[in-house]
Amino acid sequence: MEAKNPNFTQEDLERKVTLKAGDKAPEFELENADGVKISLKDFKGKNVILYFYPKDNTPGCTTEACEFSANYDEFIANDCVIVGISPDSPKSHAGFTLKHSLKHILLSDMDKEVAKAYGVWQVRKNYGKEYLGIVRTTFIIDKDGKISKVYKSVKAAGHALKVLDELTK
């Protein structure tokens with residue numbers, strides 16, 4: 001793909017999710033809603049449901065977050081931790097968590113470096129406009145830090161149950 005829009009670099013235009021089952025999950029360290037730094041290695045020995053979403057308090061993102069939270073106990077029973085990542089600030093995550101009584105961890109990737117490492121910060125189109133944003137994607141990371149499943153271009157409604165179903169197979 002050749003760079004036609006001067007607002008995007010060639011790297012932006014070519015970025016896509018290339019991680020697949022069996023790959024080592026890229027490490028990260030980001031702040032949670034309380035400003036505490038959390039890293040992937042903090043969850044060694046647990047399965048991690050790592051989902052990337054565009055923005056707090058938008059309809060699809062709220063649906064997805066609430067469904068993960070509603071099924072939180074079942075994920076915990078399957079030795080999982082749920083981690084949502086978006087470019088929103090820790091303060092935004094704190095408000096989102098409080099407003100919707102979310103039970104799981106939200107991390108702030110304001111510089112988008114983790115989203116880029118996972119390939120989910122991409123050129124998107126909406127109503128004829130192009131912009132850079134998160135492509136809703138979920139990774140199941142096993143207890144050894146390897147990716148066991150990737151869900152690309154996720155539809156928010158019902159997604160948490162699909163992930164849970166995959167874990168209980």
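From a predicted model like this one, the values you see are computed outputs, not experimental measurements.
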Please find the pair of heavy atoms, one from [X] and one from [Y], that lie closest to each other, and give the distance.
X	Y	result
Gly22	Lys146	O-CD, 3.7 Å
Leu40	Ala25	CD2-CB, 3.7 Å
Cys80	Leu167	SG-CD1, 3.4 Å
Ile134	Ala115	CD1-CB, 3.6 Å
Pro87	Pro54	CD-O, 3.5 Å

Side-chain contact test, heavy atoms from C-beta onward, threshold under 4.5 Å: evaluate it for [X] versus [Y] and give yes or no.
X	Y	result
Asn32	His93	no
Phe52	Thr138	no
Ile38	Phe43	yes
Pro90	Met110	yes
Asp109	Tyr118	no
Asn47	Lys143	yes
Thr137	Ser153	no
Leu106	Ser86	no

What residues, two or more places apart in sequence or in another chain, satisfy side chain to side chain contact (heavy atoms under 4.5 Å, CB included) together with [X]?
X	answer
Lys37	Glu29, Glu31
Ala94	Ala33
Lys162	none
Asp73	Lys103

Go through the structure and list residues passing ring-ring contact (aromatic ring centres under 6.0 Å, His included) with [X], not counting sequence neighbours.
X	value
Phe96	His100
Phe28	none
Tyr151	His159
Tyr53	Tyr51

Quiz item: With sequence neighbours left out, which residue pairs that include part of residues 46-68 fulfil the salt bridge (charged side-chain N to carboxylate O under 4.0 Å, His left out) condition?
Solution: Lys46-Asp79, Lys55-Asp88, Glu64-Arg136
Please round to the nearest 0.5 Å and tell me the distance separating atom [atom1] of [X] and atom [atom2] of [Y].
X	Y	atom1	atom2	result
Ile141	Lys44	CD1	NZ	12.5 Å
Ser101	Tyr72	OG	OH	13.5 Å
Leu164	Asn71	CG	CG	6.0 Å
Ile82	Phe68	CD1	CZ	6.5 Å
Phe139	Lys20	CZ	NZ	12.0 Å
Thr18	Asp23	OG1	CG	7.5 Å

Exercise. Please list, chain by chain and in numerical order, all residues satisfying side-chain hydrogen bond (donor to acceptor under 3.5 Å, both in side chains) with Ser39, sequence neighbours excluded.
Key: Asp42
Self-check item: All side-chain hydrogen bond (donor to acceptor under 3.5 Å, both in side chains) counterparts of Asn78, not counting sequence neighbours
Solution: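 Not a single residue meets the side-chain hydrogen bond (donor to acceptor under 3.5 Å, both in side chains) criterion with Asn78.
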Quiz item: Which is it for Ile49 and Ile140 under the side-chain contact (heavy atoms from CB on, under 4.5 Å) test, yes or no, and what are the steps along the way?
Solution: CA-CA 5 Å; Ile49 309 305; Ile140 299 177; 4.0 Å; yes
State plainly whether one hydrophobic cluster holds both [X] and [Y], where clusters connect Ile, Leu, Val, Met, Phe, Trp and Tyr through side-chain heavy atoms under 4.5 angstrom apart.
X	Y	result
Val114	Val154	no
Leu19	Val135	no
Leu50	Ile105	yes

Self-check item: Residue list, salt bridge (Lys or Arg N to Asp or Glu O under 4.0 Å) with Lys41, at least two apart or on another chain
Solution: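 So Lys41 forms no salt bridge (Lys or Arg N to Asp or Glu O under 4.0 Å) with any residue.
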Practice problem: For the pair Asp142 (side chain) and Asp144 (backbone), establish whether a donor and an acceptor sit closer than 3.5 Å, ignoring hydrogens and angles. | Solution: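 The answer is yes, because a donor-acceptor pair under 3.5 Å joins these two groups.
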